[in-house]
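The structure appears below as C-alpha cells.
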Amino acid sequence: MEEKAKRIWFDDRYIHLEMTDGRVGKLALMDFPRLNYATSQQRENYELSPFGIHWPEIDEDLSYEGFFVDTEKIYSLVGQTFKRFPEINANQLALRMGINQSLLAKYICGNRNPSPERLKKIENALHELGDELSKVSLTQSS
C-alpha cells in the first residue's frame, strides 16, 4: 500500500507530518541539522514520493516511516552519545569522516543503524576529535 502525506508543517522544535490515513507524527528538528538551519523558504521547497519527503535545495530526505517510530524506544549508542554531548557538531563530524551528513543524522536519531564498521569509524572520529581538543592550549608560552 502506497503511503501519502496530507500535510507537512514546522514549529520551532519539530517537523510534523499528517498522512492521508489520519496518522500524525513528528520528528525533532535538532536531529536533522540541514532542516534545523534551513530557511522557511528552503523548508517549504520539498518533493513527496511514495516513501518520503525530499528537500532538493538542502539535500535532505526523510522517510514517512521515521515519523512513526516509537519515541520511547532506546536510542542507539550513537544517538545516546550525541544527546549526552550536544556540543558536538554532527554536520562537521560527518564531513570530517567523509560520510553524508543526513546519514549520520539518521544514525543519531535511530532511524538507521550503522554497520559495525561504520560504528567503529564514528567512534574513531569522536576519539580523534577528543585527542585534538585535549591538545588545545589557550595560554601563551613565555
Side-chain angles (χ1 to χ4, degrees), residues 2-141:
E2 186 175 298
E3 297 188 75
K4 292 189 180 180
K6 179 178 179 182
R7 184 168 69 122
I8 298 167
W9 71 99
F10 293 85
D11 63 28
D12 290 342
R13 297 181 57 210
Y14 297 97
I15 175 174
H16 302 266
L17 171 69
E18 181 180 3
M19 302 298 289
T20 54
D21 64 8
R23 292 179 297 153
V24 177
K26 68 181 179 180
L27 292 170
L29 282 172
M30 68 179 253
D31 291 337
F32 304 95
R34 291 179 186 186
L35 278 174
N36 194 31
Y37 295 111
T39 65
S40 295
Q41 184 177 6
Q42 289 172 318
R43 288 179 182 174
E44 294 303 319
N45 179 22
Y46 60 83
E47 301 166 352
L48 300 176
S49 77
F51 307 102
I53 312 159
H54 174 66
W55 286 266
E57 192 174 343
I58 60 172
D59 192 29
E60 183 68 78
D61 296 282
L62 297 180
S63 70
Y64 298 138
E65 177 183 289
F67 283 85
F68 304 103
V69 173
D70 181 4
T71 57
E72 298 300 316
K73 75 177 185 170
I74 298 173
Y75 280 101
S76 68
L77 291 175
V78 176
Q80 289 175 16
T81 301
F82 280 84
K83 298 287 184 201
R84 183 173 172 207
F85 300 101
E87 326 52 36
I88 299 172
N89 183 315
N91 279 341
Q92 292 302 314
L93 190 70
L95 287 172
R96 176 186 280 249
M97 293 172 51
I99 68 168
N100 184 290
Q101 296 165 340
S102 177
L103 181 59
L104 182 57
K106 289 174 184 171
Y107 295 153
I108 292 169
C109 71
N111 288 344
R112 294 214 35 203
N113 293 318
S115 67
E117 295 81 17
R118 180 60 55 87
L119 193 60
K120 189 65 177 170
K121 187 173 184 176
I122 295 167
E123 180 181 280
N124 288 342
L126 289 167
H127 289 174
E128 288 169 10
L129 179 61
D131 289 344
E132 288 177 34
L133 287 170
S134 70
K135 295 175 184 168
V136 170
S137 175
L138 301 178
T139 57
Q140 293 183 348
S141 309

Open item on the list: If I compare all heavy atoms of D11 with all of L29, which pair ends up nearest, and what's the gap?
Closed with: O-CD1, 3.6 Å

Open item on the list: Holding to side chain to side chain contact (heavy atoms under 4.5 Å, CB included), I want the full list of residues that pass it with D131, two or more places apart in sequence or in another chain.
Closed with: none

TODO: Under the side chain to side chain contact (heavy atoms under 4.5 Å, CB included) rule, collect the residues that match up with R84, sequence neighbours excluded.
DONE: none

Task: Contact summary for F67 and I53, nearest pair of heavy atoms - done: CE1-CD1, 4.0 Å

Task: K120/E123 salt bridge by N-O under 4.0 Å criterion - done: yes

- [ ] Quick one: pull up CG in D61 and CZ in F51 and give me the separation to the nearest 0.5 Å.
- [x] 13.0 Å

Mind listing the side-chain donor-acceptor pairs of residues 88-100 below 3.5 Å, one per line with the distance, residues two or more places apart or on another chain?
from, atom 1, to, atom 2, distance (Å)
N89, OD1, N91, N, 2.9
N89, OD1, Q92, N, 2.9
R96, NH1, E132, OE2, 2.9
R96, NH2, E132, OE1, 3.3
N100, OD1, S102, N, 2.6
N100, OD1, L103, N, 3.2

Open item on the list: Tell me if a side-chain donor or acceptor on R34 pairs with a main-chain N or O of I58 at a distance below 3.5 Å.
Closed with: yes

Task: Distance, nearest 0.5 Å, that separates CZ of R13 from CG of L27 - done: 13.0 Å

Open item on the list: So which atom in W55 and which in Q42 form the shortest heavy-atom distance, rounded to 0.1 Å?
Closed with: CD1-O, 3.4 Å

Open item on the list: Using a 3.5 Å distance criterion without hydrogens, assess whether the side chain of Y107 forms a donor-acceptor pair with backbone atoms of L119.
Closed with: no

TODO: For L35 and L62, work out which heavy atoms get closest and say how close.
DONE: CD1-CD1, 3.7 Å

Open item on the list: Would the distance check show the side chain of R43 and the main-chain N or O of W9 forming a donor-acceptor pair, the cut-off being under 3.5 Å?
Closed with: no

Task: Check: F10 and E44 side chains under 4.5 Å, non-hydrogen atoms - done: yes

Task: Check: S49 and H54 side chains under 4.5 Å, non-hydrogen atoms - done: no

